[in-house]
Amino acid sequence: MKKLFLVACTVLVAVLLQAEDGYRLWLRYDKIDDAALLQQYRNTISGIQLEPSSPTLSVARQELLNALQSLLDKQITSQQTITGNCIVAGTPSSSSIVKQFLSAGNFNLGKEGFVIRSTNIEGKKVTVIAAGSDIGVLYGVFTFLRLLQTHQHINDLSITSVPAIQNRILDHWDNLNRTIERGYAGISIWNWHTLPGYIDKRYIDYARANASIGINGSVLTNVNANALVLTKEYLLKVKALADVFRPYGIKVYLTAKFSAPIEIGGLKTADPLDTAVQNWWNEKCNEIYALIPDFGGFLIKANSEGQPGPQGYGRTHADGANMFADALAPHGGIVMWRAFVYDVRVQKTNEHFEEGKTHEHSATIASDDRFKQAYNEFKPLDGKFRKNVLIQVKNGPIDFQPREPFSPLFGAMPQTQLMMEFQLTQEYLGQATNLVFEAPLFKEVLVADTYTKGKGSTVAKVIDGSLNNNTVTGIAGVANIGNDIDWTGHPFAQSNWYAFGRLAWDHDLSAAQIADEWLRQTFSNNSAFLDPAKTIMLTSRETLVDYMTPLGLHHIMGTSHHYGPAPWVDNAGRADWNPVYYHKADSAGIGFDRTATGSNALSQYNPEVQKQWNNVNTCNEKYVLWFHHVPWDFKIQPGRTLWDELCYKYNTGVDSVRWMQAAWNGLATYIDQERFEDVRMLLGIQETEAVWWRNACLLYFQTFSKMPFPANYEKPDHDLEYYKALKFPLAPGIGGNM
Ligand code: GCW
């Protein structure tokens, strides 16, 4: 009896250990479940030779050993000499074999690239993972492990990989009190209170996960900044994180509050042209670099939504950015200066803007179309920034909407280094309850053609520096990570972190390939699972657009928390925070005329781009309400009016979510019950929210169109007043800059 109990306990423990809570992300390393393949892998890999002569090589060796032992369920030896079927990994300085191998070839690996090659050395068949730098070896190791985890053949490998973009960075909007602005996966993983004494295992797993997809930078703090992080006490905490991340090739960055010299430095001004202010920042940088010699630099939100900035002193963005650039340059740091600005005319240095609250200055706004404002402010400064400044531009002109045209700035500043800012956290994409794979959105922007230097001048080429010969390049993703056990709240939100890293490294990858490899590593290699799951992922973003903001609608969500639909809101503190400002529905039609007869925002694009969008008859319907005020009875499709099309799209969106639910339900037998159930329940919430969006938006827009819902569509289960009355004062993700 006792024995039986013991056996039962052992089984229980084993099951519990196997619990799939999502913590392991895409680095699960479970035993290869295809017997033939497992045998092949076991035959090809007997041991590894990787001299752990640096912290980075040491973690590379440990990762390789752990992963192989687990994947192959076999003891892997770490050896000094070469034997057949071993993996030889290293740099020219850590391994004489790698040295020979690399000098025999004509490789151009830069600081982070690597080669993986099946070859013969001393008559023995080996797999070489070689790089010019330690971090290149770690990237090569993770890539090799990805091949195994995705069941690829490894007998005849010939891979050379170099990142397209230098600085591949996660921006955390994490506050020092651990709330996260627009965070939906718990509180911040940075436990500022217990740092620097306590190193949470999560910090290491965070670094591993990032290194596995090539992310090499982390901005720890919110762009709505708190100057305290620049005090000695906090810098010691930052240093502790930097020390953990260093072996994984990850630099830390901080957000710098423009008014810090006043707030924590005791100065009377933060004027960037004041020498006392400049000296203060110079000294601050000296202090930081004495603690963290490889500190990455600063990310700065200035003169935007209440954040102070140089304009408070009559100076320009260039004056501000260059001051930081000069303080960082001697240490090799960079400045990422955000272009997310709109209408400076109403801002005062110390005013705190909070959307949804009325401000005394709102009456003074005579704003130009918000779409145009970043361009209006930054275009005249082209060529005025220092060499270590990157201007960080959000992918679209407004704010991370489900679909935006690319920001016109990408085609407008050839003498300035521009970096991309994507948002991984789903502020406007269903937050953490909706399954939305963002790679198709990222790709849509990256492949968009600015035509600045003729056809083929894609946004990707602006960002990777090849179009304008930039010396510093960068891309940022606003992180979707919190302390939820699965990191991102929704199991599928992990794929957005993953996709960002993969595309930052290689923007030529397709969304389909990224979905495929993520699913294989995260869930299963079984094609009966993969095919439907991939379809769910690849259609999910378009589905969300359909039930939230079809046909180019944008910014019609709830005020402040941005949760749910609220196209009727017309009383926010600023005109351009109101949904009515963006959809402009009236009895004549709907949409924002941004052609020459309207705000003429279109003129900020190259004429070739304008041509795509400036004629309502030829404009792709995905963008039509971004650029045109379209009559309700306009024939947008053969036989379909705009109103009918709107109804059609919203209903298609709901139907597609229901299809996702059914497709997911068919996958129960292929994966663990925990994550299956998680996703199943979340899809239930998503369906409810999709129906809510459809009903609320169509009922509201119907008050203008005065046209009936086409027969055979589901009728709304409530009236418009019901939807308007819904309130969510405690919706997540708002936390201030504490
Ligand atoms: O997307 C909007 C968000 C703000 C955010 C701001 C920004 C950090 O609603 O919460 O603030 O943009 O990007 O600065």
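Remember, it's 1-based here, ligands and their atoms both numbered in the order they're listed. All heavy atoms count here, side chains included; hydrogens, waters and symmetry mates do not.
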Query - Selected option - heavy-atom contact closest to atom 9 (O) of ligand 1, from M557, E427, H561 - result: E427
Query raised in the report: Is there any N or O on N224 that sits under 3.5 Å from an N or O of ligand 1?
Result: yes
Query raised in the report: Quick one: which ligand 1 atoms are inside 4.0 Å of a heavy atom on E181?
Result: 4 (C), 5 (C), 8 (C), 10 (O), 11 (O)
Query raised in the report: Quick one: does Q307 get a heavy atom under 4.0 Å from ligand 1?
Result: no
Query - Under-4.0 Å salt bridge between K394 and E404 - result: no
Query raised in the report: Under 3.5 Å, side chain of Q417 to main-chain N/O of L390, donor-acceptor pair present?
Result: no
Report summary line: D399 heavy atoms within 4.0 Å reach ligand 1 at atoms 1 (O), 2 (C), 12 (O)
Query raised in the report: Near K394, which atoms of ligand 1 are under 4.0 Å from a heavy atom of that residue?
Result: 1 (O), 2 (C), 6 (C), 7 (C), 12 (O), 13 (O)
Query raised in the report: Just which atoms of ligand 1 are under 4.0 Å from any heavy atom in V223?
Result: 8 (C), 14 (O)
Query raised in the report: Any chance the side chains of R370 and Y582 put a donor and an acceptor closer than 3.5 Å?
Result: yes
Query raised in the report: What residues, two or more places apart in sequence or in another chain, satisfy salt bridge (charged side-chain N to carboxylate O under 4.0 Å, His left out) together with D486?
Result: none
Query raised in the report: Do R403 side-chain atoms and T549 backbone N/O form a donor-acceptor pair below 3.5 Å?
Result: no
Query raised in the report: Which atoms of ligand 1 have any heavy atom of F340 under 4.0 Å away?
Result: 6 (C), 7 (C), 12 (O), 13 (O), 14 (O)
Query raised in the report: Does an N or O from Q423, backbone or side chain, lie closer than 3.5 Å to an N or O of ligand 1?
Result: no
Query raised in the report: Are N303 and E377 close enough that a side-chain donor and a side-chain acceptor fall under 3.5 Å?
Result: no
**Report entry** Donor-acceptor pair between Y342 and D399 side chains, under 3.5 angstrom
**Finding:** no
Query raised in the report: Does Y623 have any ring pair (Phe, Tyr, Trp, His ring centres under 6.0 Å) partners at least two apart in sequence or in another chain, and if so, which?
Result: W613
Report task. Within a distance under 4.0 Å of any heavy atom of H562, pick out the atoms of ligand 1 and give their elements. Result -> 9 (O)
**Report entry** W577, portion touching ligand 1 at heavy-atom distance under 4.0 Å
**Finding:** neither
Query - Ligand-residue contact atoms, ligand 1 with K301, heavy atoms, under 4.0 Å - result: 6 (C), 7 (C), 8 (C), 11 (O), 14 (O)
